[in-house]
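Since the structure comes first, as structure tokens, the remarks are kept for the end.
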Amino acid sequence: MTPLAPVSEPFERFIELLASARAVGSGRLPEPTAFALGTVGEGGRPSVRIVLLKAVDERGFVFYTNYESRKGRELLANPHAAMCFHWQPLERQVRVEGEAVPVAGEEADAYFASRARESQIGAWASQQSEELSSMDELRERVAAVEARFANQPVPRPPHWSGRRVNPSSIEFWHAGEFRLHERRRYERDGNSWTMRRLFP
Ligand SMILES: Cc1cc2nc3c(=O)[nH]c(=O)nc-3n(C[C@H](O)[C@H](O)[C@H](O)COP(=O)(O)O)c2cc1C
């Protein structure tokens with residue numbers, strides 16, 4: 001029988017690893033929350049880019065982006081996402097697969113309000129993934145947004161929000177000697193997980 005693990009187990013394991021990655025320090029691991037996000041486009045073609053993890057708990061893994069960007073449009077058409085963290089100094093990798101669902105508006109508002117004003121302005125100014133004629137065009141758009149919201153808080157743009165990847169699987173990889181790496185794959189099974197070891 002494959003052993004069943006409580007819902008919290010892989011999340012606790014992930015949160016511990018993320019804390020270890022943060023503790024490495026910015027000199028050796030400048031972006032411990034960075035991960036590769038894979039999405040599926042037309043014709044089943046994959047695309048991948050780096051984004052930052054902004055929250056994690058038993059509901060899933062949250063990142064923020066422009067909903068009209070390439071990844072935003074792809075996730076709207078097909079919510080299946082794959083994530084991959086690599087913490088090289090720890091010799092660890094974590095892979096997550098699941099459906100990416102929009103976060104609640106209030107949650108996105110609270111996170112947006114915590115961002116630097118310059119980043120808030122950038123979220124309005126950037127038509128992420130659209131063609132840009134020149135960097136001057138981008139600077140002009142930034143200036144226009146600054147003028148629009150002068151002397152007032154910058155609200156969250158309607159096209160900018162978070163998605164939470166609700167995992168159906170989480171796999172932990174730990175480098176071993178002579179390529180005898182350890183892999184543990186958790187697969188969601190209702191209110192618990194099955195955990196299987198995989199050959200490296
Ligand atoms: C270290 C790093 C962190 C990034 N974080 C984010 C992020 O949190 N959200 C985001 O939308 N793009 C982020 N980006 C930019 C994306 O990699 C990507 O260029 C952009 O989102 C457009 O992707 P798309 O055209 O596939 O939608 C980050 C890039 C790097 C290198």
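Values in this document were obtained by computation on a predicted structure and should not be read as measured data. Index from 1, following the sequence. Every number for a ligand or one of its atoms is a count from 1 in the order of the listing.
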query: Taking the six-membered ring of Y64, is the NZ or CZ of R115 close enough (under 6.0 Å from the centre) and on axis enough (within 45°)?
result: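 Checked: cation-pi criterion not met.
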query: Purely on distance, is any nitrogen or oxygen of I50 under 3.5 Å from one on ligand 1?
result: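 By distance alone, the answer is yes.
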Which of the atoms of ligand 1 are close to [X], meaning less than 4.0 Å from one of its heavy atoms?
X   : answer
Y64 : 7 (C), 8 (O), 9 (N), 10 (C), 11 (O)
K71 : 11 (O), 20 (C), 21 (O), 22 (C), 23 (O), 24 (P), 26 (O), 27 (O)
T65 : 10 (C), 11 (O)

message: With a sphere of 6.0 Å drawn around CG of N191, does it hold more than 12 non-hydrogen atoms of other residues, nucleotides or ligands?
response: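 Check fails, neighbour count at 12 or below.
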message: So for atom CD, which belongs to E42, do other residues, nucleotides or ligands contribute more than 12 heavy atoms lying within a distance under 6.0 Å?
response: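 No - once you tally the heavy atoms of other residues, nucleotides and ligands closer than 6.0 Å, there are 12 at most.
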- prompt: Counting only heavy atoms, which portion of K54 has something under 4.0 Å from ligand 1: side chain, backbone, both, or neither?
  reply: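 No part of K54 comes within reach of ligand 1.
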Nearest-contact summary for [atom] - protein heavy atom, Å:
atom                    : value
atom 6 (C) of ligand 1  : V51 CA, 3.6 Å
atom 18 (C) of ligand 1 : R49 CG, 3.9 Å
atom 25 (O) of ligand 1 : S129 OG, 2.6 Å
atom 20 (C) of ligand 1 : Q128 NE2, 3.5 Å

